[in-house]
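Contents: one structure, followed by commentary.
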Amino acid sequence: MKALLGRVNGPLLGAFFVVGASTLWGTTGTVATFAPSVSPLAIGAVAMGVGGLLQALYAVQPIANHWDILRGRWLPVALGAAAVAVYPLAFYSSMHLSGVALGTVVSIGSAPLASAVIERLAERKALTRRWMFGAMTGVAGAGLLCFAGDSAERPGALAESWAVPAGVVLGLAAGVTYAVYSWAAHRLISGGVSSRAAMGAVFGLGGALLMPVLAVTGGPLLESWGNFTVAAYMALVPMFAGYVLFGWGLARVRASTATGLSLMETVVAAVLAVVVVGERLPALGWLGVAMVLASLFVLTPRQAGSQDDRSGQAGASARTEARSTVGQ
């Protein structure tokens with residue numbers, strides 16, 4: 001495996017991991033519609049909560065190996081965990097209020113800008129022209145999807161006049177918290193913590209914070225096999241497997257690049273919302289899909305020697321062999 005990975009550009013491989021994770025995440029909104037009796041708070045709590053605890057279980061040994069570093073970097077761990085706990089509650093509530101496509105687009109579309117601001121303020125990192133062009137193209141495409149979704153029929157969304165604006169506000173909160181925990185995990189990884197240990201610590205603690213919410217709201221998850229199956233899928237596939245991939249990606253690219261590539265989730269969510277849920281996406285929305293896909297080609301690292309790739313791999317020479325393999 002190491003020989004195979006050695007032949008592949010590290011940042012390019014990281015981009016593939018992030019896009020793969022985003023593809024899995026893009027299924028969550030559509031899958032959630034198959035459990036209409038379950039509240040968005042319960043969906044978010046079981047998905048990220050159980051998924052986060054599984055991340056911690058998966059990373060017990062790496063967390064123990066890096067315990068001293070994690071304890072010394074408690075602030076990014078705590079910030080990341082708090083963001084992990086808030087994100088799914090805001091994200092799934094946003095989709096419940098404004099529809100699958102619109103809620104996903106606002107949540108994920110706002111994350112690259114939030115991530116860029118965080119990196120600029122916290123680490124004084126300059127943004128390359130290529131990143132800015134790619135991110136702006138992707139966000140513009142996400143914006144077109146947003147406007148198209150606003151004019152589309154949204155089966156399952158609330159009809160009240162306040163629902164869509166409230167959903168947009170919650171989507172923005174989800175975007176900011178997504179950027180925060182992505183930055184926190186990347187910061188830990190860049191500081192010498194393996195991707196498994198960083199993701200396990202941040203998501204495990206965040207998952208634990210979501211357990212009280214699940215205890216209060218999760219009753220309907222056990223009322224039918226359909227609801228239970230939705231919950232199991234959400235926790236195991238997009239949240240556990242997806243964030244394992246995302247951790248591997250964060251070990252190889254900057255957090256701002258990762259959140260930009262995550263715009264792929266909006267495309268998957270929009271297409272599934274049309275094909276499966278029955279939402280209608282006009283031509284403007286499909287233009288947005290094309291722009292987001294085009295942005296992925298711009299944001300994907302081209303060669304190991306580029307400025308963005310060197311920034312994304314700061315401290316890479318000091319990483320352990322365990323983190324250089326996908327198993328750690």
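Count residues from 1 along the sequence.
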ILVMFWY network linking V180 to V117, side-chain heavy atoms under 4.5 angstrom | no
Would you say L261 and S22 make side-chain contact, with heavy atoms under 4.5 Å?
-> no
Rounded distance [0.5 Å steps], CE in M264 versus CG in L24 | 11.0 Å
State the CG-OH distance between L170 and Y92, to the nearest 0.5 angstrom.
-> 14.5 Å
Donor-acceptor under 3.5 Å (T259 side chain, A255 main chain) | yes
Minimum-distance pair of heavy atoms, taken over all atoms of P220 and S37 | CB-O, 3.9 Å
Would F203 and M48 satisfy side-chain contact (heavy atoms from CB on, under 4.5 Å), going step by step from the backbone distance to the final call?
-> CA-CA 8 Å; F203 281 78; M48 210 73 148; 3.8 Å; yes
Got a donor-acceptor contact below 3.5 angstrom from the S190 side chain to the R187 backbone?
-> no
L89 and L210: side-chain contact (heavy atoms from CB on, under 4.5 Å), yes or no, with the steps?
-> CA-CA 9 Å; L89 306 181; L210 285 167; 4.0 Å; yes
Without swapping roles, check the side chain of S262 against the backbone of A258 for a donor-acceptor pair under 3.5 Å.
-> yes
Is the charged tip of R196 near the ring of Y58: under 6.0 Å from the six-membered ring centre and within 45° of its axis?
-> yes
Please answer: with hydrophobic residues joined when any side-chain heavy atoms are less than 4.5 Å apart, are L188 and W248 in the same cluster?
-> yes
side-chain contact (heavy atoms from CB on, under 4.5 Å) evaluation trace for L236 with L54 = CA-CA 8 Å; L236 293 173; L54 289 174; 3.5 Å; yes
So which heavy atom on A111 is nearest to which on A179, and how close?
-> O-CB, 3.8 Å
Just by distance, do the side chain of S94 and the backbone of G167 share a donor-acceptor pair under 3.5 Å?
-> yes
Given the options I43, T229, V50, M234 meets side chain to side chain contact (heavy atoms under 4.5 Å, CB included) only with I43
Heavy-atom side-chain contact between L70 and I63 under 4.5 Å | yes
In the single-linkage hydrophobic clustering (I, L, V, M, F, W, Y; side-chain heavy atoms under 4.5 Å), do L41 and V86 co-cluster?
-> no
Counting distance only, does the side-chain N/O of T177 pair as donor-acceptor with the main-chain N or O of A174 below 3.5 Å?
-> yes
Hydrophobic cluster identity match, V237 and V271, side-chain contacts under 4.5 Å | yes
Taking the side chain as every heavy atom from C-beta outward, state whether V38 and E223 have any pair of such atoms under 4.5 Å apart.
-> no
Nearest-0.5 Å distance that lies between atom CD1 in I118 and atom OG in S182 | 8.5 Å
Test log, rule side-chain contact (heavy atoms from CB on, under 4.5 Å), inputs V19 and L245 | CA-CA 9 Å; V19 171; L245 290 174; over 6 Å; no
Within a reach of under 6.0 Å around OH of Y233, are more than 12 heavy atoms found that belong to other residues, nucleotides or ligands?
-> yes
Using atom types as modelled and distance alone, determine if a side-chain donor or acceptor of H186 lies under 3.5 Å from a backbone N or O of L250.
-> yes
Closest approach of A166 to L97 (non-hydrogen atoms, all atoms of both residues) | CB-CD1, 3.9 Å
Is the shortest heavy-atom distance from the side chain of M199 to the side chain of V244 under 4.5 Å?
-> no
Nearest 0.5 Å, what's the CZ-CZ distance between F16 and R252?
-> 12.5 Å
What are the two closest non-hydrogen atoms of V292 and G141, and how far apart are they?
-> CG2-C, 3.9 Å
Calculate, to the nearest 0.5 Å, the distance between atoms CG and CG belonging to L221 and L214 respectively.
-> 6.5 Å
Measure up the Y178 and Y87 rings against each other and bin them: parallel (under 30°), tilted (30 to 60°), perpendicular (over 60°).
-> tilted
In Å and rounded to the nearest 0.5 Å, what is the CG to OG1 distance from L272 to T23?
-> 10.0 Å
Using atom types as modelled and distance alone, determine if a side-chain donor or acceptor of W25 lies under 3.5 Å from a backbone N or O of P238.
-> yes
Is there a side-chain contact between F34 and N227 (heavy atoms, below 4.5 Å)?
-> no
Taking a hydrophobic cluster as the set of Ile, Leu, Val, Met, Phe, Trp and Tyr residues connected by side-chain heavy atoms closer than 4.5 Å, whether directly or through intermediates, do V267 and F246 fall within one such cluster?
-> yes
For the student: nearest non-hydrogen atoms of V253 and P11, plus distance = CG1-O, 3.4 Å
Nearest heavy atoms of I69 and G192, plus distance in Å = CD1-O, 4.0 Å
Is the centre of the Y243 ring less than 6.0 Å from the centre of the F240 ring?
-> no
